[in-house]
Amino acid sequence: MSATATKLITAEEFSRMPDPLDGSKQELVRGEIVTVPPTKQPHGFIQIQIGWLLKNVVTPQRLGWVGSESGCVTERDPDTVRGPDIYFFSRSRFPERPSGWPDGAPDLAVELLSPSNRRSEMRAKVTEYLTAGAKIVWVFDPESKTVMVYSGNLRGVELGENETIDGGTVLPDFSCKVSEFFDI
């Protein structure tokens, strides 16, 4: 019996594919398409809150670009395209608003855990973002109202809702209580 090899696709081929009609989200992971169902609430509310809090610092100071779920190429050969729940690209890296799928991770990548996420899966994403150039990765857990902060390595620091989170060297003027992200 012979095994059939899966044909891996490139980021460029993936970019030409239509969006799924059912509203699901797709990412390209090492050349293979991975489909994830739409998230449930309160995921979307928290996602908007995080983006809004970041934009309130980024936009007035013209520091860069805050967005949600748009793809970036984190690996090549085979290609991986990820769409962080929220992200920030600095103007120092992108003087103009990025278009298409930029090569490399955003300066700040934000992921929200969903009930279907496995810890090993999220750890792999964090590693991928940091390897691809992210300076900070935040992983929010809506259930426990905590955030894991990774900067430069996989030894994250967990912050509870009564603690203060900051933007480190990426967004030095950003700071708020973790609870503000969950205040929806």
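Residue indices begin at 1 and follow the sequence shown.
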Note, [X] side chain near [Y] side chain (heavy atom, < 4.5 Å):
| X | Y | result |
| --- | --- | --- |
| Lys125 | Thr74 | no |
| Tyr150 | Tyr129 | no |
| Ile136 | Ser151 | yes |
| Met148 | Asp141 | no |

*Do Arg82 and Glu111 meet the salt-bridge criterion of a basic N to acidic O distance under 4.0 Å?*
no
When clusters are formed by joining ILVMFWY residues with side-chain heavy atoms under 4.5 Å apart, either directly or through shared neighbours, do [X] and [Y] land in the same one?
| X | Y | value |
| --- | --- | --- |
| Leu108 | Ile165 | yes |
| Leu112 | Phe181 | yes |
| Val157 | Val126 | no |
| Val57 | Trp52 | yes |
| Val139 | Leu154 | yes |

Heavy-atom pair with the smallest gap, counting every atom of [X] and [Y]:
| X | Y | answer |
| --- | --- | --- |
| Arg93 | Ala105 | NH1-O, 2.9 Å |
| Glu163 | Glu158 | OE2-O, 4.0 Å |
| Gly31 | Pro78 | N-CB, 3.9 Å |

_N/O donor-acceptor pair under 3.5 Å between Arg91 side chain and Arg62 backbone_ = yes
*Mark yes or no for whether Asn56, through its side chain, and Leu53, through its backbone, hold a donor-acceptor pair below 3.5 Å.*
no
When rounded to the nearest 0.5 angstrom, what distance separates [atom1] in [X] from [atom2] in [Y]?
| X | Y | atom1 | atom2 | value |
| --- | --- | --- | --- | --- |
| Gln47 | Phe140 | CD | CZ | 11.0 Å |
| Tyr87 | Cys72 | OH | SG | 8.5 Å |
| Phe14 | Glu32 | CZ | CD | 12.0 Å |
| Asp79 | Thr10 | CG | OG1 | 5.5 Å |
| Ile86 | Ile48 | CD1 | CD1 | 6.5 Å |
| Thr59 | Leu54 | OG1 | CG | 9.5 Å |

*Stepwise side chain to side chain contact (heavy atoms under 4.5 Å, CB included) test for Gln26 and Val81*: CA-CA 9 Å; Gln26 292 183 326; Val81 177; over 6 Å; no
*Mind jotting down which residue pairs meet the side chain to side chain donor-acceptor pair (under 3.5 Å) criterion with at least one end in residues 171-184? Sequence neighbours excluded, please.*
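Listed once each, the pairs are Gln61-Asp173.
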*Please step through side chain to side chain contact (heavy atoms under 4.5 Å, CB included) for the pair Val170 and Phe88, ending with a clear verdict.*
CA-CA 9 Å; Val170 173; Phe88 165 73; 3.6 Å; yes
_side chain to side chain contact (heavy atoms under 4.5 Å, CB included) assessment of Thr80 paired with Leu28_ = CA-CA 5 Å; Thr80 297; Leu28 186 65; 5.8 Å; no
*With sequence neighbours excluded, residues passing ring-ring contact (aromatic ring centres under 6.0 Å, His included) with Phe174*: Trp138
*Checking side chain to side chain contact (heavy atoms under 4.5 Å, CB included) for the pair Asp85/Glu69: CA distance, chi angles, key distance, verdict?*
CA-CA 5 Å; Asp85 288 317; Glu69 298 187 1; 4.0 Å; yes
